[in-house]
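Values below: every heavy atom of this structure, side chains too, minus hydrogens, waters and symmetry copies. The first residue in the sequence is number 1, and the count goes up from there.
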Amino acid sequence: MKKDFKEILKQRGLGSMPKVLLAAAECAPLSKTGGLADVVGTLPKALKNLKIDARVITPYHRCIKNKYADRVEHMFDFYVNLGWRTQYCGIERLELDGVTVYLVDNEFYYGDKIYKGGYEEGEQYAFFCRAVLDALPNLGFEPQVIHCNDWHTAMIPMLAKTQYDGMQSRCKFLLTIHNIAFQGKYGFDYVQDLLGVDDKYYTPEFMEMDGCANFLKAGCVFADRINTVSPTYSEEIKTAYFGEGLEGILNARSNELSGIINGIDVKSFNPHSDSAITARYDKGHLKGKKLCKLQFQKDMGLEVREDVPLFVMCTRMTEQKGFALVERMLDELMMYNDMQFMLLGTGDKHFEDFMRQAEFKYPGRLCAYIGYNEELAHRVYAAGDFYLMPSRFEPCGLSQMIAMRYGTLPVVRETGGLKDSVKPYNKFTGEGTGFSFADFNAHEMKDAMLLAMDCYRKPELMKSLIRQAMETDFSFSRSAEEYAQLYLWML
């Protein structure tokens, strides 16, 4: 145990590191739609190395049953009262990579869709919040901290503090906001019917916002601490531009708000051992990266040229990801610069059609793979020279970290976790791990890409920047230490 943790334990009068239960709608590799699952799946393993008994509770989705049913142990079952509904709840236990995962089973709520959308989704996760709290006394594990994630679990602190007087009310609650744009907004009558919330909490002071009961706001009010997935994002969401209406409560609780940048699974994303890529390499031996690029160009129908910079993207094609900037500037970049561009992803139909047309316009120079393929994604990260990520907002972002791990230099907008994780190239000192631009502006993005292309023509500089990028520590061990310190200060 690190010395600073021992000191905090002593100051807090604690004899050992805390017990933590992470509650989340998804958890990789069991269930996944986005970065939340990666955090919930990886953080407990890193916390275990710090002597923290961290466990996970998550819905028993159909995708988990299909793959892991033979490894699951039934612990107990009971009935959850959800307004006038009485619903079965089974608690199953799964040991996965040394981490205990509790699975909340109910076939009605957790079938093929992790998120049903609309009011059905509200009922899905109202049930989950109630089930987590009701199951706690029988788990055989008494957490000191319940770590809630996003709006789907944000009602847990409120319910625990207003409707329970047992062990549930004695827990401390941390709420992590992974994306403040999703808040869980429903009519108060609906939420009251599901969870029996007292009328007095339907006010702007507690959970009312814009005439709705807001799950995430309730969490922000009742959680003991709030954090986001990057320090910059924790500051951004206190402004009207990023706060999505919650900037008031977040400013009021600014002393209890902080940001911890996510990490990545450095074992899964490792160019020295990745079986999906053409040739393996590391920061001191980059010949394999060149081979990855040349084979990738051949397989993707691009001109096989080592001398041309290859820009890549693995992304959802949406406004949030800055794809409007790509649409605005791609023709100008392709017509006036000797460069290649490769996209892997899906998204808005308008952007998908745009990329299909671009592939037709620039044969041998541009490839658009509309879809997703995990193995191909690894090859994209390994083959690219530059990774484009011009997001309008980005709470944390993992792709830029993965790209740097593979020696592909990111070109990013300075927002959220992109600003925190990418050190922009300094032409005076030679320092940097990528390139950045400040405003959400297509011409600023173009200028950053032109600077990257200029650096590409300087091989020794490129080697230095690649090495600096690959040396950056994005492991979850770093994030876990910060979470451990946060848990300790909460107790």
Side-chain angles (χ1 to χ4, degrees), residues 19-49 52-75 89-107 109-116 121 124-125 127-129 131-133 135-136 139 141 143 145-156 173-179 182 184 219 227 229 260 262-269 374 395-396 398 475-477 479-480 483 487:
K19 295 178 180 179
V20 178
L21 182 65
L22 287 90
E26 52 186 283
C27 172
L30 303 175
S31 54
K32 178 179 175 179
T33 66
L36 164 63
D38 293 312
V39 176
V40 177
T42 309
L43 179 58
K45 292 184 284 187
L47 291 170
K48 185 179 178 182
N49 295 331
I52 291 179
D53 187 353
R55 308 186 185 189
V56 175
I57 189 163
T58 192
Y60 196 11
H61 300 293
R62 185 75 48 76
C63 59
I64 305 176
K65 289 183 179 178
N66 291 343
K67 189 172 181 180
Y68 294 93
D70 59 340
R71 296 173 54 183
V72 165
E73 169 198 355
H74 179 72
M75 292 183 67
C89 179
I91 301 297
E92 319 296 319
R93 177 176 173 141
L94 173 65
E95 296 295 327
L96 188 68
D97 297 329
V99 175
T100 298
V101 180
Y102 301 108
L103 299 165
V104 174
D105 186 25
N106 179 288
E107 284 283 347
Y109 292 122
Y110 307 117
D112 294 330
K113 292 183 179 180
I114 294 176
Y115 304 112
K116 291 186 175 183
E121 189 172 321
Q124 265 187 301
Y125 288 97
F127 171 84
F128 181 66
C129 291
V132 169
L133 290 167
L136 273 178
L139 288 180
F141 172 71
V145 177
I146 297 181
H147 184 165
C148 304
N149 292 272
D150 275 346
W151 76 262
H152 304 94
T153 57
M155 286 295 291
I156 291 176
F173 296 92
L174 171 65
L175 173 63
T176 295
I177 300 173
H178 297 261
N179 190 335
F182 302 101
N227 88 298
V229 288
I260 298 175
N262 287 336
I264 58 173
D265 187 337
V266 293
K267 290 184 179 179
S268 297
F269 297 106
E374 182 68 26
C396 178
L398 300 178
S475 67
F476 250 102
S477 59
S479 303
Y483 273 109
Y487 298 148

For this session: List the steps, then state whether salt bridge (Lys or Arg N to Asp or Glu O under 4.0 Å) holds for Lys65 with Glu107.
Result: CA-CA 11 Å; Lys65 289 183 179 178; Glu107 284 283 347; 2.5 Å; yes
Exercise. How about Tyr115 and His152: does a side-chain donor come under 3.5 Å of a side-chain acceptor?
Worked result: no
For this session: Using modelled atom types only, decide if a donor and an acceptor are shared between the side chain of His61 and the backbone of Ala25 within a distance under 3.5 Å.
Result: yes
Exercise. Are Leu21 and Leu136 close enough, and set up right, to give a side-chain contact (heavy atoms from CB on, under 4.5 Å), and what steps lead you there?
Worked result: CA-CA 10 Å; Leu21 182 65; Leu136 273 178; 3.9 Å; yes
Problem set entry | Heavy-atom closest pair, residues Phe128 and Ala23 | CE2-CB, 4.5 Å
For this session: Give a yes or no on whether Lys116 atom NZ has more than 12 heavy-atom contacts from other residues, nucleotides or ligands under 6.0 Å away.
Result: yes
Seminar exercise, completed: Value for OH (Tyr483) from NE2 (His147), rounded to nearest 0.5 Å, stands at 4.5 Å
Exercise. Hey, is OH on Tyr68 packed in by over 12 heavy atoms from elsewhere, all under 6.0 Å?
Worked result: yes
For this session: Determine yes or no for a side-chain-to-main-chain donor-acceptor pair under 3.5 angstrom, with Asp150 supplying the side chain and His178 the backbone.
Result: yes
Seminar exercise, completed: All heavy atoms of Asp38 vs all of Ala28, minimum pair found to be OD1-CB, 3.9 Å
Seminar exercise, completed: Closest non-hydrogen contact found for Gly263 with Leu398 is O-CD2, 3.6 Å
For this session: Mark yes or no for whether Lys45, through its side chain, and Asp97, through its backbone, hold a donor-acceptor pair below 3.5 Å.
Result: no
Exercise. Which residue, His74, Glu73, Arg71, forms the side-chain contact (heavy atoms from CB on, under 4.5 Å) with Arg93?
Worked result: Glu73
Problem set entry | Rounded distance (nearest 0.5 Å) linking atom CG of Leu36 with atom SG of Cys396 | 12.0 Å
For this session: Give, for atom CG of Leu47 and atom OG1 of Thr42, the distance between the pair rounded to the nearest 0.5 Å.
Result: 11.0 Å
Exercise. Can you tell me how far the CD1 atom of Ile260 sits from the OG1 atom of Thr176, to the nearest 0.5 Å?
Worked result: 7.5 Å
For this session: Report the C-alpha separation of Lys19 and Asp53 in whole Å, then their side-chain angles, then the decisive distance to 0.1 Å, and conclude whether the salt bridge (Lys or Arg N to Asp or Glu O under 4.0 Å) test is met.
Result: CA-CA 5 Å; Lys19 295 178 180 179; Asp53 187 353; 5.5 Å; no
Problem set entry | Backbone N/O of Ile114 and side chain of Gln124: donor-acceptor pair under 3.5 Å | yes
Exercise. Which pair of non-hydrogen atoms, one from Pro44 and one from Ala54, has the smallest distance, and what is that distance?
Worked result: CB-O, 3.9 Å
Exercise. How long is the span from the CG atom in Asn149 to the CG atom in Leu175, to the nearest 0.5 Å?
Worked result: 7.5 Å
For this session: Over all heavy atoms of both residues, which pair between Gly41 and Cys27 is shortest? Give the atoms and the distance, please.
Result: CA-SG, 3.8 Å
Exercise. If only atom types and distance count, is the side chain of Asn106 paired as donor or acceptor with the main-chain N or O of Gly90 below 3.5 Å?
Worked result: no
For this session: Going by the side-chain contact (heavy atoms from CB on, under 4.5 Å) test, name the single residue among Ile156, Leu139, Thr58 that passes it with Val132.
Result: Ile156
Problem set entry | Minimum-distance pair of heavy atoms, taken over all atoms of Ile64 and Leu30 | CG1-O, 3.5 Å
Problem set entry | Heavy-atom donor-acceptor pair, Glu26 side chain to Gly34 backbone, under 3.5 Å | yes
For this session: Give the intermediate values and the outcome of side-chain contact (heavy atoms from CB on, under 4.5 Å) for residues Thr100 and Glu95.
Result: CA-CA 5 Å; Thr100 298; Glu95 296 295 327; 2.8 Å; yes
Exercise. With a 4.5 Å heavy-atom cut-off, do Phe127 and Pro59 have their side chains touching?
Worked result: no
